[in-house]
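Every value quoted in this text rests on a predicted model; they were computed, and no experiment measured them.
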Amino acid sequence: MRGFKIANWGAETPVDVPNAAGRPLFEQVELNWARPTFWRKGEGRPTFDCDEPFVYALVHNHGNARTRDRIVYIGLTTSPRTRFGNHERAAEIVSRRGEVKFSYAPVKLSGRNLADRIGPALEEIEHLLIWAAWPNLENEKKMFTLPGMGTNGGNAWHIINKGYRFAGQMPREIAYPWMIVKPGRVPSAR
């Protein structure tokens with residue numbers, strides 16, 4: 001996308017951009033990804049030590065892969081202990097040749113009324129992660145629409161990914177929505 005530049009919103013970071021009420025426009029969330037653990041065939045669910053809502057990623061490795069720890073699925077759960085009992089897509093991925101690993105990142109929200117709306121906020125965060133890691137994912141939903149589309153608009157997000165790096169596949173930060181512009185030519189400039 002040659003020639004595009006980030007629009008100048010008069011702020012150093014996304015959190016510094018105010019909304020009409022003077023509060024930060026972007027909701028900030030930090031995801032600290034756990035080191036992946038093996039999810040072996042026949043195991044009912046992956047290993048994790050968390051009862052809080054989280055987003056998760058499944059990575060698949062096999063002998064002929066050119067890259068390691070390739071993210072193949074991104075999901076979310078508000079109730080981790082019951083989520084993986086009937087997860088057909090995850091069961092299909094785990095049953096393949098090769099090894100599958102599971103990583104998760106708890107989501108703690110402290111923004112204005114977001115803690116009361118953990119479900120919709122998780123959906124938006126998951127959606128943005130799917131878009132950010134899109135080329136190799138096998139998710140069936142949220143692949144071809146923008147987050148927040150529909151009758152209920154979404155939030156502006158500043159997602160900071162820490163912890164495990166997935167061999168560089170997970171971006172360090174996501175700012176959504178941001179604006180890029182292609183500046184016009186100023187005829188009087190020399």
For a side chain to side chain donor-acceptor pair (under 3.5 Å) check, start with the C-alpha distance between Glu99 and Asn61, then their side-chain angles and the critical distance, and finish with the verdict.
CA-CA 5 Å; Glu99 62 186 27; Asn61 292 316; 3.2 Å; yes
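- In this structure, Met170 CE and Leu129 CG are separated by 5.0 Å, a value rounded to the nearest 0.5 Å.
- Both Ile74 and Ile125 are part of a single hydrophobic cluster, where members link through side-chain heavy atoms under 4.5 Å apart.
- Contact between Gly75 and Glu126 at its shortest, heavy atoms only, is CA-OE2, 3.3 Å.
- The minimum heavy-atom distance between Ala132 and Ile174, with the atom names listed, is CB-CD1, 3.7 Å.
- Annotation: the span from Trp39 atom CH2 to Phe102 atom CZ amounts to 7.0 Å, rounded to 0.5 Å.
- Looking at heavy atoms from C-beta onward, Leu76 lies in side-chain contact with Glu123 at the 4.5 angstrom threshold.
- Using a 4.5 Å heavy-atom threshold, the side chains of Arg2 and Lys182 count as separate.
- Residues Val100 and Phe166 do not share a hydrophobic cluster, defined by chaining ILVMFWY side chains whose heavy atoms lie under 4.5 Å apart.
- The hydrophobic cluster containing Val72 does not contain Leu137, counting ILVMFWY residues as joined when their side-chain heavy atoms lie under 4.5 angstrom apart, directly or transitively.
- Side-chain contact between Asn32 and Asn161 is absent, with no heavy atoms from C-beta onward closer than 4.5 Å.
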Could you please spell out the steps behind the side chain to side chain contact (heavy atoms under 4.5 Å, CB included) verdict for Lys101 and Asp69?
CA-CA 8 Å; Lys101 294 181 190 174; Asp69 288 350; 3.5 Å; yes
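- Proximity of Lys162 to Trp33: side-chain heavy atoms (C-beta onward) are nowhere separated by under 4.5 Å.
- Ring pair Phe26/Trp178 is tilted by interplanar angle, where 30° to 60° counts as tilted.
- Residues Pro106 and Phe54 share a closest heavy-atom pair of CA-CB, 3.6 Å.
- Between Phe84 and Tyr56, the ring center distance clears the sub-6.0 Å criterion.
- With contacts defined as side-chain heavy-atom distances shorter than 4.5 Å, the pair Tyr73/His87 qualifies.
- Using cut-offs of 30° and 60° on the angle between ring planes, the pair Phe48 and Tyr104 is perpendicular.
- Between Glu52 and Val107, the closest side-chain pair of non-hydrogen atoms is not below 4.5 Å.
- Inter-residue side-chain proximity for Ile71 and Leu58 is flagged as unmet; no heavy-atom pair is nearer than 4.5 Å.
- Atom CG of residue Asn136 and atom NE2 of residue His60 lie 12.5 Å apart, to the nearest 0.5 angstrom.
- The shortest non-hydrogen separation linking Tyr164 to Ala34 is CB-O, 3.7 Å.
- The side chain to side chain contact (heavy atoms under 4.5 Å, CB included) test applied to Thr82 returns Ser79, not counting sequence neighbours.
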Can Trp157 and Leu128 be said to form a side chain to side chain contact (heavy atoms under 4.5 Å, CB included), step by step?
CA-CA 9 Å; Trp157 289 99; Leu128 292 169; 3.7 Å; yes
Take Ile160 and Val29 through the test side chain to side chain contact (heavy atoms under 4.5 Å, CB included) and record every step on the way to the result.
CA-CA 6 Å; Ile160 301 167; Val29 65; over 6 Å; no
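- Distance CZ/Arg81 to SG/Cys50: 8.0 Å, rounded to 0.5 Å.
- Atom NZ of Lys141 and atom CZ of Arg89 lie 12.0 Å apart (nearest 0.5 Å).
- Not one N or O on the side chain of Thr77 forms a donor-acceptor pair closer than 3.5 Å with the backbone of Pro53.
- With rounding to the nearest 0.5 angstrom, the OG1 atom of Thr47 is 11.0 Å from the CZ atom of Phe38.
- Counting only distance, with no hydrogens or angles, the side chain of Glu124 and the backbone of Asn155 share a donor-acceptor pair below 3.5 Å.
- Ion pairing of Arg96 with Glu138 is present here, as a side-chain N (NZ or NE/NH1/NH2) and a carboxylate O approach within less than 4.0 Å.
- The closest donor-acceptor contact from the side chain of Arg97 to the backbone of His62 lies at 3.5 Å or more, if one exists at all.
- A heavy-atom distance below 4.5 Å is not found between the side chains of Glu92 and Val94.
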